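Remarks on the structure that follows.
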2 protein chains.
Amino acid sequence: MVAYSPSALKAELHERGWRMTPQRETILKTFQNLPEGRHLSAEDLCDLLKEEGAPIGLSTIYRNLKLMARMGILRELELAEDQKRYEINRPAPHHHHHLICVRCNKTIEFKNDSVLKVGAKTAEKSGYQLLDCQLSIHAVCPTCQRSILPI
Amino acid sequence: MVAYSPSALKAELHERGWRMTPQRETILKTFQNLPEGRHLSAEDLCDLLKEEGAPIGLSTIYRNLKLMARMGILRELELAEDQKRYEINRPAPHHHHHLICVRCNKTIEFKNDSVLKVGAKTAEKSGYQLLDCQLSIHAVCPTCQRSILPI
DNA sequence: CCGTTAATGATATTTATTTTCAACTACGGT
DNA sequence: ACCGTAGTTGAAAATAAATATCATTAACGG
Ligand SMILES: [Zn+2]
Ligand SMILES: [Zn+2]
Ligand SMILES: [Zn+2]
Ligand SMILES: [Zn+2]
């Protein structure tokens with residue numbers, strides 16, 4: 001789990017016989033400039049780039065979100081919703097986890113280095129190359145506990 | 001996070017004005033009797049029940065998997081695939097986490113009580129009622145590291 | 001046993017994601 | 001700087017997980 005620059009991405013792509021493209025650089029930079037706590041779906045990103053005047057086709061976005069997640073550059077999150085969301089994958093001390101209300105989807109980020117250490121050690125012990133380590137706590141927030149609305 | 005019996009499920013359903021049904025009991029018992037390490041998708045469960053001569057409609061299965069996950073009875077897992085998978089949610093010492101190869105989806109379960117404690121404490125500190133706590137380690141398994149096949 | 005109302009299940013629908021494929025372009029080689 | 005190869009893009013079509021619809025069934029309190 002390392003922080004990526006556009007040139008580092010380019011180098012790793014070339015290692016595999018792949019190419020750097022303006023679209024890939026745009027996507028990487030967009031996530032790097034996103035404030036912490038912002039998690040984008042594929043459509044969110046598509047809309048955001050359109051607004052900023054640098055539109056990228058939705059298929060390309062889907063393809064590269066998956067690619068960059070599998071490279072360990074992005075984290076693929078399932079925040080108790082019906083679509084995947086992504087954020088940049090940064091090492092400690094930026095690395096964090098998510099506490100998610102399963103009813104209203106309100107999400108709180110929190111940090112805990114010991115969990116990250118457990119993840120790194122577990123992967124290493126089995127000879128796995130670590131890409132991402134995420135603790136997801138599914139729970140009911142105080143507001144939803146009070147609400148009468150059913151599960 | 002408690003272990004559920006059919007009667008405990010019935011009691012909690014009644015608290016909310018809902019009903020116990022044979023289908024709900026079948027689903028609960030099926031997951032309780034499943035060996036550790038078995039994770040079923042909605043369609044897996046539908047097929048399994050059909051084989052066992054106690055078929056349940058797919059809509060009913062989808063509805064109740066979601067319901068029981070939101071009650072904390074089942075865990076909803078995203079095991080690096082394109083569909084959600086479920087398993088019974090049992091407290092320590094059965095509680096476990098998942099190490100997932102993002103390329104071949106091979107999954108290893110492992111236990112770590114300290115992570116569960118972090119989850120419980122984090123939820124409590126924010127006044128959240130804990131339902132499930134899952135550490136997902138996304139990584140590349142030894143076999144896939146060796147393979148030439150691209151990400 | 002009855003009446004109310006939640007639950008089921010076959011079907012239709014939605015929608016996130018993937019696939020297809022022709023046009024484009026990154027980039028290694030000349 | 002120019003080619004040629006082969007990876008990439010993006011619009012459109014296809015796929016499939018998940019949800020909604022709705023007539024029928026059945027749980028359960030009285
Ligand atoms: Zn986050
Ligand atoms: Zn909530
Ligand atoms: Zn498991
Ligand atoms: Zn693998």
Side-chain angles (χ1 to χ4, degrees), chain A residues 6-7 9-28 39-47 49-50 54-71 74 76-86 102 105 148-151, chain B residues 6-7 9-28 30 39-47 49-50 53-71 74 76-86 102 105 148-151:
Chain A
S7 61
L9 171 57
K10 181 171 185 173
E12 191 163 334
L13 288 169
H14 282 200
E15 258 179 39
R16 303 169 183 273
W18 298 342
R19 296 175 186 172
M20 188 58 166
T21 64
Q23 290 89 341
R24 285 175 176 163
E25 181 162 352
T26 298
I27 292 173
L28 175 57
H39 308 108
L40 300 183
S41 68
E43 289 212 73
D44 289 342
L45 178 59
C46 194
D47 294 344
L49 293 174
K50 213 173 285 172
I56 296 180
L58 191 54
S59 331
T60 300
I61 288 176
Y62 269 109
R63 265 190 301 255
N64 284 301
L65 288 181
K66 175 173 274 192
L67 174 70
M68 291 165 85
R70 289 180 168 222
M71 292 176 76
L74 297 180
E76 190 175 73
L77 307 170
E78 189 72 35
L79 299 179
E81 288 171 66
D82 48 355
Q83 62 195 148
K84 288 178 177 131
R85 295 182 167 271
Y86 298 82
V102 298
N105 293 333
I148 305 164
L149 287 172
I151 298 218
Chain B
S7 60
L9 171 57
K10 181 171 185 172
E12 191 165 332
L13 287 169
H14 283 200
E15 259 179 40
R16 302 168 185 273
W18 299 342
R19 296 171 187 174
M20 189 57 167
T21 64
Q23 290 86 345
R24 283 174 178 166
E25 182 162 352
T26 297
I27 293 173
L28 175 57
T30 301
H39 307 108
L40 300 183
S41 68
E43 289 211 71
D44 289 342
L45 179 58
C46 194
D47 294 345
L49 294 174
K50 214 174 285 172
I56 296 180
L58 191 54
S59 329
T60 300
I61 288 177
Y62 270 110
R63 265 191 301 254
N64 284 300
L65 288 181
K66 174 172 274 193
L67 175 70
M68 291 164 83
R70 289 182 168 222
M71 292 175 77
L74 298 180
E76 191 175 73
L77 306 170
E78 189 73 35
L79 298 180
E81 290 169 66
D82 48 355
Q83 62 194 151
K84 288 178 176 130
R85 296 183 168 269
Y86 297 83
V102 299
N105 292 334
I148 305 163
L149 288 171
I151 297 216

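First the proteins, then the strands, lettered A, B, ... as listed; each starts at 1. Bear in mind the structure is a predicted one, so any value in this text is a computation, not a measurement.
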Rounded at 0.5 Å granularity, tell me how far [atom1] in [X] sits from [atom2] in [Y].
X	Y	atom1	atom2	result
A:C46	A:L40	SG	CG	11.5 Å
A:L45	A:Y62	CG	OH	10.5 Å
B:E12	B:R16	CD	CZ	5.5 Å
A:E78	B:L77	CD	CG	11.0 Å
A:I61	A:L49	CD1	CG	5.5 Å

Take the protein atom [atom1] of [X] and the nucleotide atom [atom2] of [N], then report the distance between them rounded to whole Å.
X	N	atom1	atom2	answer
A:R85	C:dA16	CZ	C1'	12 Å
B:L65	C:dA7	CG	C1'	15 Å
B:N64	C:dA7	CG	P	8 Å
A:R16	C:dC27	CZ	C1'	19 Å
B:E12	C:dA6	CD	P	18 Å
A:E43	C:dT17	CD	P	8 Å
A:L58	C:dT18	CG	P	11 Å
A:Q83	C:dT17	CD	P	6 Å

So if I take every side-chain heavy atom of [X] and compare against [options], which nucleotide ends up nearest?
X	options	answer
B:T21	C:dC27, C:dT11, C:dA7	C:dA7
A:P22	C:dA16, C:dT19, C:dA26	C:dA26
B:W18	C:dA7, C:dT19, C:dA10	C:dA7

Quick check for you: name the first and last nucleotides of DNA chain D, 5' to 3', having an atom under 4.0 Å from a heavy atom of chain B. D:dA17 to D:dG29
Would you check if the side chain of B:R70 reaches a backbone N or O of B:L65 as a donor-acceptor pair within less than 3.5 Å?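 Not a single qualifying donor-acceptor pair exists.
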Check: A:P22 main-chain N/O paired with A:T26 side-chain donor or acceptor under 3.5 Å: yes
If you compare every side-chain N and O of A:K10 against the phosphate oxygens of C:dC27 (OP1, OP2), does one of them come in below 4.0 Å?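 For C:dC27, OP1/OP2 do have a side-chain N/O of A:K10 under 4.0 Å.
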Report the residue (B:R19 or B:I61) whose heavy-atom-nearest nucleotide on DNA chain C is the more 5′ of the two. B:R19
Give A:I56 one of three labels, base, sugar-phosphate or nothing, depending on what nucleic acid heavy atoms sit under 4.0 Å from its own.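 Counting heavy atoms under 4.0 Å across all strands, the contact made by A:I56 is with sugar-phosphate only.
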Taking any heavy-atom pair under 4.0 Å as a contact, classify A:R63: base, sugar-phosphate, or nothing.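 Here A:R63 touches the bases of the nucleic acid.
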Return whichever of B:A42 or B:Q23 has its heavy-atom-nearest nucleotide of DNA chain D closer to the 5' end. B:A42
Residue whose nearest DNA chain D nucleotide is more 5′ - A:G17 or B:M20: A:G17
